[in-house]
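Worth knowing before you read on, the calculation uses all heavy atoms, side chains too, and leaves out hydrogens, waters and symmetry mates.
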Amino acid sequence: QVQLVESGGGLVQAGGSLRLSCAASGYIFSSNWGWFRQAPAKEREFVAGVSWWSENKTRYADSVKGRFTISKDNAKNTMYLQMNNLKPEDTAVYYCAAGVLFTPTPYAPRGATWGQGTQVTVSS
């Protein structure tokens with residue numbers, strides 16, 4: 001059973017940066033991994049995704065393109081999300097997930113594995 005643990009969230013001013021990490025333990029299966037976020041009173045939304053087999057295969061939500069970068073270290077079973085030029089609207093709980101599907105649009109199906117989430121707060 002895979003367990004995912006996020007870290008790296010916090011409070012930052014607009015324009016600042018944060019780097020989130022998602023460490024996996026247990027049985028690691030090859031799949032797409034991804035970051036999602038959920039702001040208060042909003043539905044959880046896709047942020048970024050990466051293929052376990054190829055770091056060049058990535059997906060980003062339009063709202064974060066050019067500002068966020070997803071990466072992974074297979075040897076460490078860890079995925080990262082570098083977030084630059086943060087905006088107040090990026091404020092949310094960020095979750096990592098394994099078993100993400102990229103088509104037709106990126107989503108985490110039933111049965112995907114989720115972390116517990118890490119809070120990101122961007123002040124204006």
Side-chain angles (χ1 to χ4, degrees):
Q1 183 178 358
V2 178
Q3 289 186 320
L4 305 177
V5 178
E6 301 98 334
S7 61
L11 173 64
V12 64
Q13 288 187 332
S17 299
L18 283 174
R19 188 193 194 203
L20 305 184
S21 299
C22 173
S25 62
Y27 175 73
I28 307 299
F29 56 92
S30 299
S31 70
N32 297 325
W33 289 41
W35 289 96
F36 294 75
R37 66 186 182 188
Q38 187 166 19
K42 292 189 176 181
E43 293 187 353
R44 190 171 299 187
E45 64 177 2
F46 171 79
V47 176
V50 63
S51 168
W52 189 255
W53 301 275
S54 173
E55 196 168 48
N56 294 326
K57 186 179 179 181
T58 58
R59 298 288 188 274
Y60 292 95
D62 289 342
S63 59
V64 305
K65 281 182 181 177
R67 299 189 298 123
F68 291 10
T69 302
I70 190 170
S71 63
K72 60 181 178 59
D73 185 334
N74 287 14
K76 295 182 178 180
N77 290 330
T78 301
M79 176 177 65
Y80 305 97
L81 185 67
Q82 178 66 44
M83 306 185 294
N84 297 329
N85 190 21
L86 283 161
K87 304 176 181 179
E89 51 264 43
D90 294 319
T91 295
V93 177
Y94 283 70
Y95 299 88
C96 66
V100 175
L101 300 179
F102 284 167
T103 58
T105 56
Y107 73 104
R110 184 175 298 182
T113 300
W114 293 92
Q116 83 288 351
T118 185
Q119 177 70 46
V120 171
T121 303
V122 184
S123 62
S124 57

Quiz item: Looking only at side chains, do Lys87 and Asn85 share a donor and an acceptor under 3.5 Å apart?
Solution: no
Self-check item: Rounded distance [0.5 Å steps], CG in Leu4 versus CD in Gln116
Solution: 9.0 Å
Practice problem: For residues Met83 and Leu20, report the shortest heavy-atom separation together with the two atoms involved. | Solution: CE-CG, 3.7 Å
Practice problem: Mark yes or no for whether Thr118, through its side chain, and Tyr94, through its backbone, hold a donor-acceptor pair below 3.5 Å. | Solution: no
Quiz item: Which pair of heavy atoms, one from Ser51 and one from Lys72, lies closest together, and at what distance?
Solution: O-CE, 2.7 Å
Quiz item: Just how far is it from atom CH2 of Trp33 to atom CG of Leu81, taken to the nearest 0.5 Å?
Solution: 14.0 Å
Quiz item: Quick one: does Glu6's side chain have a donor or acceptor within less than 3.5 Å of a partner on Cys96's backbone?
Solution: yes
Practice problem: Check whether any side-chain heavy atom of Ser21 lies under 4.5 Å from a side-chain heavy atom of Lys76, and answer yes or no. | Solution: no
Quiz prompt | Under the side chain to side chain donor-acceptor pair (under 3.5 Å) test, residues paired with Thr121 that sit two or more places apart | solution = Gln119
Exercise. Heavy atoms only: give me the nearest Ala98-Ser31 pair and the separation to one decimal.
Key: C-OG, 4.1 Å
Quiz item: If you look at every heavy atom in Leu86 and Arg67, which pair is closest and at what distance?
Solution: CA-NH1, 3.9 Å
Quiz prompt | Heavy-atom side-chain proximity of Arg37 to Asp90 below 4.5 angstrom | solution = yes
Practice problem: List the atom of Pro88, the atom of Ala14, and the distance in Å for their closest heavy-atom pair. | Solution: CD-CB, 4.1 Å
Quiz item: Other hydrophobic cluster members with Leu101, side-chain heavy atoms of Ile/Leu/Val/Met/Phe/Trp/Tyr under 4.5 Å, chained?
Solution: Tyr107
Quiz item: In the hydrophobic clustering (ILVMFWY, side-chain contacts below 4.5 Å, transitive), which residues join Tyr95, or is it alone?
Solution: Phe36, Phe46, Val93, Val100, Phe102, Trp114
Self-check item: Atom pair CZ (Arg59) and CD1 (Ile70), whose distance is rounded to the nearest 0.5 Å
Solution: 11.5 Å
Quiz item: Do Val120 and Tyr80 sit in the same hydrophobic cluster, where Ile, Leu, Val, Met, Phe, Trp and Tyr count as joined when their side-chain heavy atoms come under 4.5 Å apart?
Solution: no
Quiz item: Do you know the tightest heavy-atom contact between Val2 and Thr113?
Solution: O-CG2, 3.5 Å
